[in-house]
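Note that ligands are numbered from 1 as they come in the structure, with each ligand's atoms numbered from 1 the same way. Values below: every heavy atom of this structure, side chains too, minus hydrogens, waters and symmetry copies.
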Amino acid sequence: MREAMMHAEVGDDVFGDDPTVRRLEFLAAEWMGKEAAVFVPTGTMGNLAAFLAHCGRGHEVILGDQSHSYLLEAGGMAALGGIHPRPIPNQPDGTLRLEDIEAAIRNSADEHQPITRLVCLENTHNRCGGAALTVEYTHAVGVIAKRHGLRFHIDGARIFNAAVALGVPARELAAPADSITFCLSKGLCAPAGSLLCGDAAFIRLARRARKMLGGGMRQSGILAAAGIVALNTMVDRLKNDHAAAVAFANGLRSLPGLILEPDTPQTNMVYFNGAESVHLDAPAIAARLKERGVLVDVKGARRFRAVLHYWITPTDIDAVLGVLADILVRA
Ligand SMILES: *Cc1c(COP(=O)(O)O)cnc(C)c1O
């Protein structure tokens with residue numbers, strides 16, 4: 001990636017003439033089966049640009065109460081867009097109940113109410129165990145959106161993990177939606193960058209939103225070059241991360257004092273808990289792990305999330321299991 005970045009042909013993308021960014025946007029649109037795409041610095045900006053392009057002030061977005069856009073994007077849609085979030089419960093598998101979506105759609109004839117404009121899904125669903133939402137389910141949400149004249153956006157930050165886990169092309173997961181965001185960073189290993197994809201008219205609006213948000217970059221072909229390497233070489237290998245997650249989870253199962261969450265791992269994330277019999281809580285265990293060079297995400301008093309990725313080898317997995325076993329024996 002660094003090699004590709006060094007040799008990237010660049011222009012000024014604010015004027016739309018950076019050839020490497022254009023090539024990345026073309027590739028991204030093709031991967032997602034959409035007409036066009038726009039390169040943005042982060043997934044957060046990609047989602048926000050989508051909200052701004054789909055919605056106006058006083059419009060409402062139906063989304064999951066565990067979704068990244070609702071919980072972890074600093075309330076951007078409300079703060080910067082005057083857009084009203086309408087959270088409904090995420091089920092443990094990351095879905096929204098179809099009947100809950102329909103029940104949340106406002107009566108557009110009633111001037112007291114905000115105007116429902118957009119439905120959002122997150123795939124894979126990060127906080128719901130990295131769960132992949134199926135083509136059939138996504139299609140069913142698309143049918144509801146169409147029936148009610150709503151737009152449909154997918155926060156597909158980790159859509160390729162879903163595609164690989166389900167064994168379907170990402171574009172099939174994107175097909176029912178009007179727009180989709182995905183990240184080149186994280187599992188695909190690029191240093192920065194996300195893409196927002198949709199039809200050409202929508203992407204023109206999204207480009208204006210990106211500019212408004214300060215995301216118009218100039219010789220950004222340097223970043224896009226890494227993104228092209230990510231799309232060309234990092235997608236298929238996500239299956240290795242998923243297999244590593246299974247191997248790690250199997251190792252955890254044999255450690256007394258740890259309880260795996262049901263149905264974990266779905267993709268490359270392993271969620272587990274310290275048992276009541278263990279005297280140390282999650283932050284204390286994480287601190288001891290850190291002393292021994294192991295980083296784990298603490299998600300609650302006894303809850304952990306481990307994320308498997310490109311830089312974790314089978315040897316690392318064995319080493320981590322060994323260190324964990326050692327800490328638990330003393331706990
Ligand atoms: C990481 C992530 C984002 C945001 O991406 P950033 O590039 O960190 O802004 C959005 N949605 C989901 C589901 C994510 O996992």
Side-chain angles (χ1 to χ4, degrees), residues 24 28 32 37-54 61 63-77 79-81 83 85 87 90-96 118-133 138 141 152-165 170 173-174 177 179-197 206 209-210 213-215 217 220 223-224 226-227 230-231 234-235 238 241-242 245 265-271 297 299 305-310:
L24 172 63
M32 293 301 136
V38 57
F39 183 47
V40 288
T42 63
T44 299
M45 189 185 287
N47 285 333
L48 183 53
F51 299 140
L52 293 172
H54 282 304
V61 176
L63 78 181
D65 65 354
Q66 300 301 309
S67 66
H68 193 281
S69 292
Y70 182 57
L71 295 174
L72 299 170
E73 294 174 14
M77 73 169 81
L80 304 172
I83 301 161
N90 272 115
Q91 303 305 308
D93 64 358
T95 61
L96 306 173
L118 180 70
V119 181
C120 288
L121 292 180
E122 182 176 315
N123 197 9
T124 64
H125 200 290
N126 197 331
R127 283 173 71 97
C128 295
L133 278 52
T138 309
V141 173
F152 178 14
H153 174 71
I154 296 175
D155 175 1
R158 301 173 2 97
I159 194 71
F160 290 112
N161 290 89
V164 165
L173 294 167
S179 59
I180 181 163
T181 320
F182 71 86
C183 292
L184 298 164
S185 52
K186 303 185 175 169
L188 297 190
C189 294
S194 289
L195 286 122
L196 170 59
C197 310
R210 178 185 70 167
L213 297 171
M217 298 180 287
S220 40
L223 289 173
L231 281 177
M234 293 292 172
V235 173
L238 290 173
D241 297 341
H242 298 181
Q266 298 272 339
T267 46
N268 65 329
M269 295 176 175
V270 181
Y271 282 85
D297 204 4
K299 288 292 189 190
R305 180 183 72 163
V307 181
L308 284 294
H309 54 79
Y310 183 83

> Partners of R127 by salt bridge (charged side-chain N to carboxylate O under 4.0 Å, His left out), sequence neighbours excluded?
Replying inline: none
> Does T124 have any side chain to side chain donor-acceptor pair (under 3.5 Å) partners at least two apart in sequence or in another chain, and if so, which?
Replying inline: R158
>> List the residues meeting side chain to side chain donor-acceptor pair (under 3.5 Å) with H54, not counting sequence neighbours, and say none if there are none.
In response: R151, S179
> Do E73 and L48 touch side chain to side chain, with heavy atoms closer than 4.5 Å?
Replying inline: no
>> What's the separation between atom SG in C197 and atom CZ in F39, rounded to the nearest 0.5 Å?
In response: 12.0 Å
> Will you find, in the side chains of Q91 and T95, an N or O donor that is under 3.5 Å from an N or O acceptor?
Replying inline: no
> Under a strict 4.0 Å criterion on non-hydrogen atoms, which protein residues are in contact with ligand 1?
Replying inline: T42, G43, T44, N47, H68, E73, E122, N126, D155, A157, C183, K186
